[in-house]
2 protein chains.
Amino acid sequence: MDKEQLSYIEESGIIFEQMGMTRMAGRIFGFLAVSDKSEASFDEIRQALDASKGSISGTTKQLINAGLVQPVSLPGDRKTYYRLNKVAVGQLLRARIQLFNIFADLLSKGRELKKSEDDVSEWLKEVSAFYTWLGGEINAVIEKWENVKDDIM
Amino acid sequence: MDKEQLSYIEESGIIFEQMGMTRMAGRIFGFLAVSDKSEASFDEIRQALDASKGSISGTTKQLINAGLVQPVSLPGDRKTYYRLNKVAVGQLLRARIQLFNIFADLLSKGRELKKSEDDVSEWLKEVSAFYTWLGGEINAVIEKWENVKDDIM
DNA sequence: CATTTAGTTCAATTTTTATTGAACTAAATG
DNA sequence: CATTTAGTTCAATAAAAATTGAACTAAATG
């Protein structure tokens, strides 16, 4: 880990915090991203990030749960290794979009609870419908990506 | 405000917290969503939510800054009123998508900092390219919505 | 079966973030 | 121009979240 990589790891921590995860989750993600070896053991991570076992244990679970990290075990080795989960872009996006649907439901419920209809009702209705529609539209977007990505990358 | 509306306001607080804003921001949003009058004064909000002036002041600013709330002033009335900003769905979405681009940049930078290329590099490259592409694709998605929304709603 | 290793759990602590409340500013009113 | 009203600011406090660390479990090794 050189200086730039260490500062990258911290930056990743900040961004993950902005995305609603913990700073430590971002650090582990960042470490696994830039690390030379694509797999790292529990203790390699702990040492690289100078954190406690409890913190690494809890946070790797968080990341595994979020689908971003994959635990790997090898025969004849009692350690567990951790690596970035090379999940398909579609799956990643769908997970993120979930919050949109929660927001859509919130708006729609708000509209129902209003005592009278007004221009706010109309707006709640459209935004809610939009985000709900968007959830279904994602498949088409991902399909389009699959078709164009070879030209772009 | 009946019981259901008050519990809706709290629910909105929780969801806004999940979306990275404060609980109070969600409460104010929720209040403005279900309130009978589509505009509310500073003190009406403060009383309805039983919060301090400081908190209302800071949080209304947060919401105005995020583009979700609009301050309204009336001639001959020194109060400011607050209402949900009926911003277009596209604008709302674009604001949310910004985090995707930040994430894309993080991945791309991570790839650059790696000492060697491996399968993680490949993944970082694709995911980053995808989120970057997605940012540009949004306009097409919004345009499609404008065309289909009358059939759906 | 005693020992080492890998990781978990959770109460205590630290750190961060949200909220209050009191003193303040600025504008309007009498 | 003194007073009221509307809202702001910010230091102090409260509340919530992250992190530690020590005691623990479970599995593998000798």
Side-chain angles (χ1 to χ4, degrees), chain A residues 6 9-32 37 39-66 68-83, chain B residues 6 9-32 37 39-66 68-83:
Chain A
L6 288 174
I9 288 170
E10 289 307 312
E11 189 186 340
S12 180
I14 299 294
I15 290 175
F16 267 61
E17 223 168 35
Q18 285 173 16
M19 299 194 312
M21 302 193 77
T22 63
R23 189 171 293 195
M24 192 60 79
R27 289 206 191 99
I28 294 178
F29 182 91
F31 172 70
L32 293 176
K37 295 176 294 182
E39 277 150 26
S41 72
F42 188 96
D43 209 58
E44 280 166 353
I45 299 172
R46 197 190 57 68
Q47 281 184 32
L49 305 183
D50 191 24
S52 68
K53 290 212 284 176
S55 188
I56 301 299
S57 175
T59 311
T60 48
K61 285 218 171 338
Q62 238 195 107
L63 285 165
I64 290 166
N65 208 45
L68 287 171
V69 164
Q70 207 179 15
V72 180
S73 56
L74 302 173
D77 188 341
R78 71 168 91 172
K79 292 202 197 76
T80 304
Y81 294 86
Y82 302 88
R83 52 172 304 143
Chain B
L6 288 174
I9 288 169
E10 288 308 310
E11 189 187 339
S12 180
I14 299 294
I15 289 174
F16 268 60
E17 224 169 33
Q18 285 173 16
M19 301 194 309
M21 302 192 77
T22 63
R23 189 170 294 195
M24 192 60 79
R27 290 206 190 99
I28 294 178
F29 182 91
F31 172 71
L32 293 176
K37 296 176 292 182
E39 276 150 28
S41 72
F42 188 95
D43 209 57
E44 281 166 352
I45 298 173
R46 197 191 57 68
Q47 281 183 33
L49 305 183
D50 191 23
S52 69
K53 291 211 285 176
S55 187
I56 301 299
S57 175
T59 311
T60 48
K61 283 216 171 341
Q62 239 194 105
L63 285 165
I64 290 165
N65 209 45
L68 288 171
V69 164
Q70 207 179 14
V72 181
S73 56
L74 303 172
D77 187 341
R78 71 167 90 171
K79 292 201 196 76
T80 306
Y81 294 86
Y82 302 88
R83 51 172 305 144

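What you see below is based on every heavy atom in this structure, not just the backbone, and it leaves out hydrogens, waters and symmetry mates. Chain letters run A, B, ... following the sequence lines, proteins first and then strands; every chain starts at 1. All figures in this text were calculated on a predicted structure; none of them were measured in a lab.
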TODO: List the steps, then state whether side chain to side chain contact (heavy atoms under 4.5 Å, CB included) holds for I28(A) with I45(A).
DONE: CA-CA 7 Å; I28(A) 294 178; I45(A) 299 172; 4.0 Å; yes
TODO: Give the rounded distance in Å between these two atoms: CD1 of I56(B) and P of dT19(C).
DONE: 10 Å
Open item on the list: Expressed as a whole number of angstroms, how long is the span from L63(B):CG to dA18(C):C1'?
Closed with: 14 Å
Open item on the list: Less than 4.5 Å apart, side chain to side chain, heavy atoms only: is that true for T60(B) and P71(B)?
Closed with: no
Open item on the list: Can you measure D50(A) atom CG to dT20(D) atom P for me and round it to whole angstrom units?
Closed with: 8 Å
TODO: Rounded off to whole Å, could you give me the CE-to-P distance for the M21(B) and dA16(D) pair?
DONE: 19 Å
- [ ] Identify the heavy atoms of T80(A) and Y82(A) that sit nearest to each other, and give their distance.
- [x] O-CE1, 3.6 Å
- [ ] Using a cut-off of strictly less than 4.0 Å, decide whether T80(B) has a side-chain nitrogen or oxygen near OP1 or OP2 of dG7(D).
- [x] yes
- [ ] Using atom CD of E17(A) as one end and atom P of dA17(D) as the other, report the distance to the nearest whole Å.
- [x] 13 Å
Open item on the list: From CG of D77(B) over to P of dA6(D), roughly how many Å is that when rounded to an integer?
Closed with: 8 Å
Task: Listed nucleotide nearest any side-chain atom of R78(A), set dT4(C), dT9(D), dT9(C) - done: dT4(C)
Open item on the list: How close do E39(A) and E44(A) get, counting heavy atoms only, and between which atoms?
Closed with: O-OE1, 4.2 Å
Open item on the list: Here's a test of your reading of the structure: between R23(A) and T60(A), which maps to the more 5' nucleotide of DNA chain C?
Closed with: T60(A)
TODO: Run through L32(A), L49(A), D50(A) and flag the one making a side chain to side chain contact (heavy atoms under 4.5 Å, CB included) with R27(A).
DONE: L49(A)
- [ ] Select from A51(A) and S57(B) the residue whose nearest nucleotide in DNA chain D is closer to the 5' end of that strand.
- [x] S57(B)
Task: Smallest separation among heavy atoms of F16(A) and A25(A), with atom names - done: CD2-C, 4.1 Å
Open item on the list: Is K53(B) close enough to dG7(D) that one of its side-chain N or O atoms is under 4.0 Å from OP1 or OP2 there?
Closed with: no
Task: Phosphate contact (dT20(D) OP1 or OP2) by S55(A) side-chain N/O below 4.0 Å - done: yes
Task: Sub-4.5 Å side-chain heavy-atom contact between E17(A) and T22(A) - done: no
Task: Secondary-structure string, 5' to 3', Watson-Crick or G-U under 3.5 Å, | for another-strand partners, for DNA chain C - done: ||||||||||||||||||||||||||||||
- [ ] Could you state the atom-to-atom distance from NZ of K79(A) to C1' of dT5(C) in whole Å?
- [x] 9 Å
TODO: Report yes if at least one side-chain N or O of K61(A) is closer than 4.0 Å to OP1 or OP2 of dT8(C); otherwise report no.
DONE: yes
- [ ] May I have the distance from Q62(B) (atom CD) to dA18(C) (atom P), rounded to whole angstrom?
- [x] 7 Å
